[in-house]
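Here it is, the structure in full.
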Amino acid sequence: MFTADPNITDLHIGEKSLYKVMFSIDIHQVATPELSVEDARCYVIFFQDGNDYSAYLGLYFLNTGRAIYYPYSANPFHPGVLPAVEEEAHGFIEDMGFMLDELNIAGLSAEEKNRWIDEQDIFAVRKHPSPAASPGTSVSHQDQSPDRTGMVEGGPSVPPVHQAGQGPGGATFLSGREREAIARLMASF
């Protein structure tokens, strides 16, 4: 079972041994008791520590830049349980309407893996804490058509950006909200 843990504000993903990462290729509106309905993206992250594994679901709310993490209740768990945990994670996320894609961790160099992590707003250090989710808090999905955001391999992409302003060579950087708007626009073509 995956249950919200308001005490988790950062998974320190770059410091752990990633086993598997899945992420939503679409954006859906999600509501929690603490927030109004908001566009969100989701992540499913598996870490390996020796012979054991840990699993976490993450919801990243695009407008507020907040995240809620849902650890698996039996973390850490043995490899024999891995298929059942993965199936439960898929069900949890897909019940909200998200479509998942898997990041090929084994096929990435350390530099590529770190670049991908840096491009994901959910893993950036936040100045504001995650919303005050109560343990056991569930989320609900509000029906809407899936949006393709360009995160699918070979699809349209938006350059990774970390802050607004101009960068080297006069390149203009966009905020996360602006990137999402551009990704939606590109996906509509």
Side-chain angles (χ1 to χ4, degrees), residues 1-34 40-61 66-126 129-143 146 148-149 151-155:
M1 180 164 65
F2 290 91
T3 306
D5 185 342
N7 297 317
I8 300 174
T9 58
D10 187 351
L11 291 180
H12 303 284
I13 191 169
E15 301 168 14
K16 297 179 182 175
S17 177
L18 282 174
Y19 174 73
K20 182 180 278 196
V21 176
M22 293 175 279
F23 57 93
S24 61
I25 58 174
D26 54 349
I27 297 169
H28 276 280
Q29 290 193 335
V30 175
T32 70
E34 296 77 21
R41 174 167 282 134
C42 74
Y43 296 82
V44 181
I45 301 119
F46 289 87
F47 297 109
Q48 184 174 9
D49 185 15
N51 291 329
D52 291 332
Y53 296 88
S54 296
Y56 297 85
L57 304 178
L59 287 177
Y60 178 72
F61 295 94
R66 295 181 181 218
I68 297 178
Y69 291 102
Y70 296 76
Y72 184 64
S73 59
N75 280 345
F77 53 89
H78 296 290
V81 181
L82 187 60
V85 175
E86 189 172 335
E87 185 177 326
E88 185 173 340
H90 271 278
F92 187 98
I93 294 303
E94 290 172 355
D95 282 350
M96 287 189 283
F98 288 106
M99 295 184 303
L100 295 175
D101 194 7
E102 185 173 341
L103 181 65
N104 181 6
I105 295 288
L108 296 178
S109 68
E111 181 181 311
E112 291 169 324
K113 181 182 83 169
N114 290 333
R115 183 174 39 243
W116 184 86
I117 291 169
D118 289 344
E119 291 171 356
Q120 307 308 306
D121 290 334
I122 190 171
F123 304 126
V125 176
R126 301 277 178 259
S130 65
S134 305
T137 301
S138 62
V139 293
S140 64
H141 161 70
Q142 197 175 51
D143 288 333
R148 292 281 182 182
T149 63
M151 292 194 71
V152 178
E153 185 173 312

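Here, residue 1 is the first one in the sequence, and each next residue gets the next number.
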For the pair Phe77 and Val85, evaluate side-chain contact (heavy atoms from CB on, under 4.5 Å) and give the outcome as yes or no after the intermediate values.
CA-CA 9 Å; Phe77 53 89; Val85 175; 3.8 Å; yes
Check: Ser17 main-chain N/O paired with Asp49 side-chain donor or acceptor under 3.5 Å
no
Parallel, tilted or perpendicular, judged at 30° and 60°: which one describes the rings of Tyr43 and Phe23?
tilted
For Asp5 and Pro71, work out which heavy atoms get closest and say how close.
CB-CD, 3.7 Å
Look at the side chain of Glu94 and the backbone N and O of Met96, then say whether any donor-acceptor pair between them is shorter than 3.5 Å.
no
Nearest 0.5 Å, what's the CD-CD1 distance between Glu102 and Ile25?
13.0 Å
Interatomic distance, CD1@Ile45 vs CZ@Phe123, rounded to 0.5 Å, equals 4.0 Å
Do other residues, nucleotides or ligands put more than 12 heavy atoms under 6.0 Å from the CD atom of Glu111?
no
Kindly write out the residues that satisfy side chain to side chain donor-acceptor pair (under 3.5 Å) with Tyr56, not counting sequence neighbours, or none if the list is empty.
none
How long is the span from the CD1 atom in Ile93 to the CG atom in Leu59, to the nearest 0.5 Å?
5.5 Å
Side-chain heavy-atom pair Leu18, Phe47 within 4.5 angstrom cut-off
yes
Let me confirm one number: the CZ-CG distance from Phe2 to Leu57, rounded to the nearest 0.5 Å.
4.5 Å
Out of curiosity, Arg41 CZ to Ile122 CD1, how far, rounded to the nearest 0.5 Å?
10.0 Å
Output for pair (Asp10 CG, Glu15 CD), nearest 0.5 Å, gives 7.5 Å
Do Met1 and Phe92 have side chains that get closer than 4.5 Å, going by heavy atoms?
no
Locate the shortest heavy-atom distance separating Ala40 from Phe98; write the atom from each residue and the value.
O-CE2, 3.2 Å
In terms of heavy-atom contacts, does CG of Asn114 have more than 12 from other residues, nucleotides or ligands at under 6.0 Å?
yes
Which residues pass the side chain to side chain contact (heavy atoms under 4.5 Å, CB included) test with Pro76, sequence neighbours left out?
Asp52, Ser54
Between Phe61 and Val30, is the side-chain contact (heavy atoms from CB on, under 4.5 Å) condition met? List the steps.
CA-CA 8 Å; Phe61 295 94; Val30 175; 4.1 Å; yes
With a 3.5 Å distance limit and no angle check, can you tell me whether Asp26 reaches the backbone of Met99 through a side-chain donor-acceptor pair?
yes
Does the side chain of Tyr72 come within less than 4.5 Å of Glu88's, by heavy atoms?
yes
Can you name the side chain to side chain donor-acceptor pair (under 3.5 Å) partners of His12, sequence neighbours left out?
none
Check Tyr69 against Gly58 and note the closest heavy-atom contact, atom names and distance.
CD2-CA, 4.0 Å
